[in-house]
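The structure appears right after this line, and notes come after that.
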Number of protein chains: 4
Amino acid sequence: MTRKPQQSRSRATVDAIIQAGFLVVAREGLEGTTTRHIADAAGISVGSLYEYFANKEAIYDAMYEHIVRDIVGTIRPLIPKLVTMGERDAVVELLYQFRQLLMRDQGRYLHYASYAMHLAQREHLEPLKRMLHDLLTQYAMHHPRVLKIQSIPAMGYIIINGGIFAVIRHLSEPAPVINFETLVKGLGDMVHYCIEGALEEAGSGTD
Amino acid sequence: MTRKPQQSRSRATVDAIIQAGFLVVAREGLEGTTTRHIADAAGISVGSLYEYFANKEAIYDAMYEHIVRDIVGTIRPLIPKLVTMGERDAVVELLYQFRQLLMRDQGRYLHYASYAMHLAQREHLEPLKRMLHDLLTQYAMHHPRVLKIQSIPAMGYIIINGGIFAVIRHLSEPAPVINFETLVKGLGDMVHYCIEGALEEAGSGTD
Amino acid sequence: MTRKPQQSRSRATVDAIIQAGFLVVAREGLEGTTTRHIADAAGISVGSLYEYFANKEAIYDAMYEHIVRDIVGTIRPLIPKLVTMGERDAVVELLYQFRQLLMRDQGRYLHYASYAMHLAQREHLEPLKRMLHDLLTQYAMHHPRVLKIQSIPAMGYIIINGGIFAVIRHLSEPAPVINFETLVKGLGDMVHYCIEGALEEAGSGTD
Amino acid sequence: MTRKPQQSRSRATVDAIIQAGFLVVAREGLEGTTTRHIADAAGISVGSLYEYFANKEAIYDAMYEHIVRDIVGTIRPLIPKLVTMGERDAVVELLYQFRQLLMRDQGRYLHYASYAMHLAQREHLEPLKRMLHDLLTQYAMHHPRVLKIQSIPAMGYIIINGGIFAVIRHLSEPAPVINFETLVKGLGDMVHYCIEGALEEAGSGTD
DNA sequence: CATGAATGAGTATTCATTCAT
DNA sequence: AATGAATGAATACTCATTCAT
């Protein structure tokens, strides 16, 4: 169905389409996004669009993959530094980076991300999960006391899902009641308190 | 265009349409939902639908309003009891009630709720916000020590947004990695740790 | 999918669409026929077309059914008369009737018939086959000597398929080398010769 | 637009395209056949296709011409032999050869032939008609008694059109009610009976 | 000569909305 | 008030044809 053009020109076109996808979703919303919109925004014809993608869904998939790859590519290099930091600072650092990424190109990613949350193609999320797992594992190796915490799965689930959502929602709100700094600081504190609290309950707590 | 019908028959029809809306969204997804589907499910004609609602969007709005009203109507009566409980138990109780509500009628509300997050007509959320504010205020009056916590707004924002999202996401997942009990317990613990941690940091803490 | 409107108005619309189908296929050919063409010719909107037919294919099916019903409805009443005639006259009579039918409304049926030959939805052909079978059976009862012919299946297959095709092709030709009367007379003769020849070979031949 | 290439390479490419045409029509049907399919099957690019043919229609034309040329090229050499045979055997021999041709390369020609009947560019049929005329003429010269038959044109028309169609249809049917041998034998008999019958009617008949 | 990416008019089909009955 | 047939703009997707490289 889809031609697979392999020149660098093609790679550029594929990228253009993906970027156009983010642009149009940001401008028109997911329901308002049409293949023609995307083609126009990418500066190509509808026909060409279908040279590169089998259908609209495939574009959304590629966008999903792109955004995941971008997040992983941005955060992974930070892992060595993050693991040496205290949990508060690490969370703060992490979320600032996350915001910067979502707000790139006038918030182009942000809108798609807010829809993507329940499109959730699980396969595409794998690299992200792997990275988070690596981050946690290495963090634990540098801070062995956290290994005593029993409820890591539950808290991880909540912190990751809830935290990401809270940030996306905050960035999407036209007039949020708290500013981003406060939000991030709060999340850092929460993670810290949870670790401390969980450790205390588990018994003692020395670093 | 739209009459605002006061007669009980009309009110019943409006309700039927709204319930049909939840039913159809649950069955077909938001994209798969058509006015015809809704009219059929409501047992009326498309023509009649437009007698009661100006357009499809208006139905979604009404659904939003309805679900918010339902949540508030369910939770608000619990406030007196919740404020007497410890934070852990309160959170747990709250979230079980929330789940029960979302899962009513074979999860009719759940699907819409998962989409509603970014349909989000902010005005409609007001009653919910007010109720949560009341809950927190009255909780604080019964547990004055929490008033010492400075970062209440941030933590409130995170816990509420993140918690709601985490629960909705969890209920929507076909095979979640943790079970609901663990999730709820975890959220309760987190709130508890956060309060304890924040208080400890703020100085000392007598109840 | 398809509304099933049941008033007489609807039946009229369905007929209009089917007739429009024949008209457009005659004018534009099968490949040149679009749903818009048909809707226009039927004097309705595309949307309405799909109120009555699930898709384009369904229209072709209905046309097929219609033409078969029309043929059967025209020929079957003639059976009592045909069976009393000699084979030559019966064939001639049959084919004149067939031509008249195909040429109805400026040859509206003819074009579709020429395409329909290899679309051949077998189920729709059943009534036609049944009628031909009845015709042959009753003919044989009036002319018992033909029962002695062994190669009836083969000759039936050839005469029916070949004969129908020869007629359709002849009617479709802009400048046929022989005229219709000659063609029909020839077919009558052939059937006659075949019967006589086959009977002679089978042994004797008295009526 | 179209070059008329005389070089052998070009001739080979043209042939490849034509063969690809038959292949694709057989595989995908006429409606499912695209220029891209044909180009791929021919092992060339779409661009090259248009170097050799002005448009898709021109390819179909060439296919038509090719198949006619092929039939003529196969049958004409048989004429000397056929004219010495009895009409039954001649018909049988002719149709077996015809079948073999249609079934060549897994029935590559057959599908196109079944569509070609109403694509029917009449000019292309000329060589075929000429050959059939020659066959009949020479046959008559070897069997002078058939010259007495008056209705030769009509019967020729019917036998040829009807016979060809009956064979093509039979070969196309997934589960024909009679087998090919019976069909061919039947056609032979019919021709025989028609000749005998016509002669008898015309007066007497010595070979 | 060859390529294959680019084009865009054209196709079937859907669906929110209207309006005559 | 209720109906549901009618509408037609809009959508995703295709494919014959062109043309820069």
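Every value quoted in this text rests on a predicted model; they were computed, and no experiment measured them. In what follows, chains carry the letters A, B, and so on, assigned in the order in which the sequence lines appear, proteins first and then strands, with residues in each chain numbered from 1.
- The distance between atom CD of A/E51 and atom C1' of E/dG4, rounded to the nearest whole Å, is 8 Å.
- Considering only heavy atoms from C-beta on, D/R108 stays 4.5 Å or farther from D/R104 through its side chain.
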Mind listing the N/O atom pairs, protein and nucleotides 8-11 of chain E, below 3.5 Å?
from: E/dG8; atom 1: N7; to: A/G47; atom 2: N; distance (Å): 3.4

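- Taking 4.5 Å as the limit, every side-chain heavy atom of C/T35 sits out of range of all side-chain heavy atoms of C/I38.
- Summarising the geometry, the separation between CD1 on D/I17 and C1' on E/dT3 is reported as 14 Å, rounded to the nearest angstrom.
- Looking only at side-chain heavy atoms (C-beta outward), C/Y109 and C/D70 come within less than 4.5 Å of each other.
- Counting heavy atoms from C-beta outward, D/L49 and D/I59 have side chains that approach closer than 4.5 Å.
- Taking the six-membered ring where tryptophan is involved, the planes of C/Y64 and C/H124 are tilted, since the angle between them lies from 30° to 60°.
- Atom P of nucleotide E/dT18 and atom CG of B/N55 are separated by 9 Å, given to the nearest angstrom.
- Look at C/K56 and D/E31 and you find no salt bridge, because none of the NZ, NE, NH1 or NH2 atoms lies under 4.0 Å from a carboxylate O.
- Taking atom CZ of C/F53 as the reference point, atom P of E/dT14 lies 15 Å away to the nearest angstrom.
- Protein atom CD1 of C/I44 is 12 Å distant from nucleotide atom P of F/dG8, rounded to whole Å.
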Donor-acceptor pairs are to be reported for all side-chain atoms of residues 20-30 of chain A against protein atoms at under 3.5 Å, with residues two or more places apart or in another chain.
none

In dot-bracket, 5' to 3', how would DNA chain F read with Watson-Crick or G-U wobble pairs under 3.5 Å, [ ] for crossing ones and | for pairs to another strand? .||||||||||||||||||||
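- For B/Y52 and F/dA1, the shortest distance from a side-chain N or O to OP1 or OP2 is not below 4.0 Å.
- Atom CG in C/L49 sits roughly 9 Å away from atom P in E/dT13 (whole-Å rounding).
- The pair A/R11-A/D15 counts as a salt bridge, with a side-chain nitrogen and a carboxylate oxygen less than 4.0 angstrom apart.
- Rounded to whole Å, atom P of F/dC15 lies 11 Å from atom OH of D/Y60.
- Within the 4.0 Å cut-off from OP1 or OP2 of F/dT14, not a single side-chain nitrogen or oxygen of A/Y50 is found.
- Distance CG (A/D40) to C1' (E/dA6): 14 Å, rounded to an integer number of Å.
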Does B/Y112 form a side-chain hydrogen bond (donor to acceptor under 3.5 Å, both in side chains) with B/H66? I'd like the steps, not just the answer. CA-CA 11 Å; B/Y112 182 74; B/H66 182 93; over 6 Å; no
